[in-house]
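Data block below; observations after.
Since the model is a prediction, treat every value here as computed from it, not as a measurement. In what follows, chains are A, B, ... by sequence order, proteins preceding strands, each numbered from 1.
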Amino acid sequence: MSELHQISTERTEGVTRRGAMKIGIGALATLAVGEQILLHPGESAAAAVAGRPAPRRRRRPPNDYKRATRTTSVCLNCSTVCGIVGYVIDGKLVKVGGNPEDPNNGKMLCAKGQSGPTISNYPERLLYPLRRVGARGEGKWERITWKQAYDEMTRRVRACLDDGHPEEVAIHIGRSRIADIMGRFLNAIGSPVLLNHRALCSLNKRAANYATVGDVDWESVDAERTKYLLNFGSNFYEAHQGAIHFLKRVVKGRYDNGAKLVTFDVRLSNTAGKSDEWHAPFPGTEGAIALAMGNVIVGSGEYDKDFVTNWLNISLDQLRDFYKTYTPAWAEKLSGIRAADIQRMALEFIRAKPRCAAFTNRGSHAHYNGFNNDRAVIMLNALAGSINKPGGYCYSESSSIPESVFPTPAPLPPSPKVRTDLEDPPEYPLANHWQKMRVGELAYAYLKQGRGRIRAYFTYTLAAPMTWPEGRSLAVEVLLNEKLIPFHACSDIVYSETAHYADLILPDATYLERWGLDVRNNYELRPYVTLRQPLTPPPAECVNFADVLIQLGKRLGPNVSRYFDFRDYEDFTRLRCGNVPRGDCKDGWEFMKRHGVWHDRTLPQSYNLYERVLTAAQLKGSTTDMATGIISKPNARGVVEAIGILRDGRAVRGFKTPSRKFEVRSQTVIDAARRVKIPDNGMPVYLPIPHHQDLAEDRFILTSFKWNVHTQGRTAPQKFLTEIMHSNPMWINAATAGRLGIRSGDTVEITTYRPRGHTFEPTGRRIGSTRIRAFVTEGIHPRVLAVSNSLGHLFGGRVATGRRGARPAGPGFDPKVVPEDPDITRNLWWSQADGGKGAGFNINAILPIAPSPLTGMQSWYDTVCTIRKV
Amino acid sequence: MPRYAMAIDTERCTGCHACSVACKVENDVPLGSFRTKVYYWDQGKFPRVRRHFLPVLCMQCVDAPCLTACPTKSISRGEDGIVRINAATCTGNGACKDACPYGAIYLDPETDKADKCDFCSHRLEAGLEPACVETCPGGTLIFGDLNDPKSPVSQFQAKFRRELTVLKPEEKTNPQVQYRGPVRDMERKIPRGRNHDPRTYEIETWANLDSGSEGGRRE
């Protein structure tokens, strides 16, 4: 058995059954309605390859681009959602490249984006709706028709609506990018329960942006024009929302414009490894370093006088007072970064103003104190006056899809009238304050505690048993429990971790086979929108989940179906493109289909956004509060809201914060803290992490990370990505390893402990242990251990589980539907059975659920652990 | 008639593997074989550590040892500067692979033919750039026609002439892919006489200088 099954909280699974039942994914394609099939974790074991050997792969002739159909679309292999161009020859998607018209990535695409064709062509795709027979989690399925699937789902949802409990219908997503139709569906039935993964991803960073600048949750640093970048915890060379959009501009900024990049990361990521300076702080002390830099900058007097005097919501005296105790010496004691370096870098940074930017990502904020860490970092931009200045901390006015150009078809269903603790846990009042970010990591715990009730549970793009903290224990326990989740329908592309625990499996279309609108923060600092359209049609009976929801909406009676008065998601998307200028095409829809991007270059870039003077039209009907200078007027719905602020007698836009200024002190935070009885003065103070204090010598901090070729849950089935990265040993510092007698390749056992003083189960008790191989490196902090969270799949087909051999024995498969790939059958060289490293370790299984105070961000990188050699 | 060449600015490389994966997909390269690969090297001791990347592909050598080694005369070098293997006459004996100092050639396990990078000739014919060049997010791979002084590679060569070098110059194959940046140390990771072994990407040996050329030999 592989290491995968040596997680001590793991249940053993998988019993092969023979008989009349078909076995394995390979039998899916010829499964007739009513026939049963067995799918379980061991099903793609390479050991027994029954039947005739797989045919040799015939070499595909070089792509003849003169015969190719070229179609634009949008990638979804990660959250950066680059515009792409797909090439189809003889009905097969052969190549994906960047869309030159996408303002962010242009013709460039990363390894994950390039991997696109291997998704649609993966032999182990789900092709037909399946219904569970036998016990949940047993892996026994029968093929059914879509009509049967819809009838079942309709019955289940209808029951909740008829009982007056629409909130017992829940949708749980990973990364859907179909918010428009999902929101519409849930609103139409009256359920607020959209569960997601944002709190496991980037909640604290977004909250910090909202709390300080208010305008946006994600910045677009003007890297091409910058001179100095302070990177706290982001690995944008490999991950990060906006990855290559940011990367390519940083490369230009550095090598064409002389910019310097400094990175703070506990581990030598690729970003850190190529930075001009890398510093490895003790985990969670990034905020202390940023505060100390602020102390140095304010003390030097070299801050931007105009911004600091006029645009902070505290006085200069209060600012000095705030930074007073946060000296470089103090920060050195906490972080291990030399005071002299902190001092030097702070001065280098401020002397580059305004062409300088300090920014973050998960390394700085997936901590108990992450929200304040990030606020402290963002403040450095305020001190430099670099917010929305060329080369500085910029962001476009909005990164939503503008309704004026892409109207959502009427009628719009009203917002639900009920709320539940599942999507809105009261203990974390900031989680949903600015944006509904939710506290996804608590979903299964709260269900188990009875804090909410679900009767119909729909999952989409979700790999929770693998990607959630304590996924293999708590998430699986709850997913198996038919009292807590009476009905579970899962839409997925492959037989995934989540699909295994469903009652109904709905075969999804890949992102390359469906419609939709998408958008991200634009580094060209203007609004833009992309169109996702099918490059090839989905095979067999695959249906994209948006269309499933629409079909369901049409079946739930006139009160719901009135909001679904369009044919399908393509039709809905076409209606949304109603106001797009037609440009060089027949109409806006044709324009979007041909170009793939709407990007209005006539609009100004958002430089100097906060100083933009309000027009006479904007000021019409407004009133000004002479005490605060805040200008307000009723919006389209008649609600009075602030639109700007008086500055030197001029009405300007300011920031979208309550004070219309950059907020150092946040009343929002004070009010939220008061609601949950936590003392908080609203300032971004440094909060020591409780369970890191007085850490015993034998304790380490366990952290996790992504690779440039993988995201957290859905890239492992892609053969060219997994070929490069399929094993994830534990990184350990060379000196530390030397002391402990550990060498690369040795097996160690990691044991993790619940965080004392944290917000959830703060017991300090042992969570679990896992055995894993060690990788000794100079590239990590001596007290930190790191394991990538991208690997360790139990499901997802041969590539994801690292097994060579034919698609498992069955009555055969139909090469006309999704052909077998002999490359996987013969050449998958990393299989453990062949002496390879296999499919990696799932580290999330032993990471504790740990929502950070007030905001609820999963504190991934705080985990205390011990290790021993075995 | 264009004369194609490439320059690689390793300073800009972010080790992202977009080039390697784009190549695999574009050219239907089997698992275990690589036309394009990216080597890693971690240099230094904590806390002063840097990571270097080195993308490597076929050098399209003017004095290509694969060409002379081939017993069936299946390899030719075009006027356009590209070294190509004729699959029709290739018998898969592997002499070319054995002769290559850059590990550029693999024997396709399905077709039993030798194969390697040909600067995506089929894309060049369609007026497109090689897949790796087009996609590189760092602008690391610079390509074009040396006969055109305005081509990206000509301009790059003109700008950085003094800083450019080739890999393994002692092999005297006259490679047409030039490099900018500190490549001497990482050269030894490039296997001689056999294709890149993807097991040298394994994390345990990935960032060493000594893996790749002698370690991780594939059966």
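The distance from the NZ atom of A/Lys95 to the CG atom of B/Leu128 is 9.5 Å, given to the nearest 0.5 Å. Interatomic distance, A/Asn63 CG to B/Asp28 CG, rounded to the nearest 0.5 Å: 8.5 Å. If you take SG on B/Cys13 and OH on A/Tyr237, they are separated by 9.5 Å, rounding to the nearest 0.5 Å. Rounding to the nearest 0.5 Å places CZ of A/Phe775 at 11.5 Å from CD of B/Glu202.
With a 4.5 Å cut-off on side-chain heavy atoms, B/Leu31 and A/Lys719 count as touching. Put simply, the side chain of B/Phe46 does not reach to within 4.5 Å of the side chain of A/Leu268, judged on heavy atoms. Residues B/Ile203 and A/Trp731 form a side-chain contact, since some pair of their non-hydrogen atoms from C-beta on lies under 4.5 Å apart. Taking 4.5 Å as the limit, every side-chain heavy atom of B/Trp206 sits out of range of all side-chain heavy atoms of A/Thr777. Using a 4.5 Å cut-off on side-chain heavy atoms (C-beta onward), B/Phe34 and A/Glu723 make contact. B/Pro47 has its side chain out of reach of A/His279: every pair of non-hydrogen atoms, C-beta onward, lies at least 4.5 Å apart.
Summarising the geometry of B/Pro30 relative to A/Asn827, their closest heavy-atom pair is CB-ND2, 3.8 Å, with the distance given to 0.1 Å.
Proximity of a side-chain donor or acceptor of B/Arg51 to a complementary backbone N or O of A/Gly779 within less than 3.5 Å is not detected.
Checking A/Tyr255 against B/Asp9 by side-chain atom types alone, no donor-acceptor pair falls below 3.5 Å. Under the 3.5 Å distance criterion, with hydrogens and angles disregarded, a donor-acceptor pair is assigned to the side chains of B/Thr135 and A/Gln114.
Contacts from residues 16-25 of chain B to chain A, taken as heavy-atom pairs separated by less than 4.5 Å, involve B/Cys16, B/His17, B/Ala18, B/Val21, B/Ala22, B/Lys24, B/Val25 in sequence order. Residues of residues 118-126 of chain B lying within less than 4.5 angstrom of chain A, judged on heavy atoms, are B/His122, B/Arg123, B/Glu125, B/Ala126 in numerical order.
In this structure, A/Arg743 places its CZ atom where only 12 or fewer heavy-atom neighbours from other residues, nucleotides or ligands lie under 6.0 Å away.
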Exercise for review: Apply ring-ring contact (aromatic ring centres under 6.0 Å, His included) to B/Tyr201 and A/Trp830, showing your working.
Suggested key: CA-CA 11 Å; B/Tyr201 280 162; A/Trp830 61 93; over 10 Å; no
Practice item. Applying side chain to side chain contact (heavy atoms under 4.5 Å, CB included), run through A/Phe720 and B/Val29 and close with a yes or a no. Key: CA-CA 10 Å; A/Phe720 295 138; B/Val29 180; 5.8 Å; no
Practice item. Might you work through the side chain to side chain contact (heavy atoms under 4.5 Å, CB included) test for B/Arg12 and A/Arg254, ending with a clear yes or no? Key: CA-CA 9 Å; B/Arg12 299 176 89 97; A/Arg254 293 177 73 190; over 6 Å; no
Exercise for review: Check the pair A/Arg826 / B/Glu110 against side chain to side chain contact (heavy atoms under 4.5 Å, CB included), numbers first and verdict last.
Suggested key: CA-CA 9 Å; A/Arg826 297 178 171 285; B/Glu110 306 294 313; 2.9 Å; yes
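For a residue to count as touching a neighbouring chain, one of its non-hydrogen atoms must lie under 4.5 Å from one of that chain's; by this rule A/Ala774 touches chain B with the backbone only. Only the side chain of B/Asp115 comes within less than 4.5 Å of a heavy atom of chain A; its backbone N, CA, C and O stay farther away. For chain B, the nearby part of A/Val709 is the side chain; its heavy atoms alone come within less than 4.5 Å. Heavy-atom distances place the side chain of A/Asn733, and not its backbone, under 4.5 Å from chain B. Of the atoms belonging to A/His726, it is side-chain heavy atoms, and not backbone ones, that fall under 4.5 Å from chain B. Contact of A/Ser788 with chain B is not made at all, since no heavy-atom distance falls under 4.5 Å. Of the two parts of A/Lys112, neither the backbone nor the side chain holds a non-hydrogen atom closer than 4.5 Å to a non-hydrogen atom of chain B. For A/Pro729, the part lying near chain B is the side chain, with the backbone staying farther off; criterion is any non-hydrogen pair under 4.5 Å.
Ranked by non-hydrogen atom pairs under 4.5 Å with chain B, the options A/Ile824, A/Val94, A/Leu109, A/Asn105 are led by A/Leu109. The candidate with the highest count of non-hydrogen atom pairs below 4.5 Å against chain B, out of A/Leu247, A/Asp64, A/Ile724, A/Ile244, is A/Ile724. Among the candidates A/Val250, A/Thr118, A/Leu828, A/Ile780, the residue making the largest number of heavy-atom pairs closer than 4.5 Å to chain B is A/Ile780.
Taking the charged nitrogens against the carboxylate oxygens, A/Lys107 and B/Glu129 do have a contact shorter than 4.0 Å, which makes a salt bridge. The existence of a salt bridge linking A/Lys837 and B/Glu204 is confirmed by a sub-4.0 Å separation between a basic side-chain nitrogen and an acidic carboxylate oxygen.
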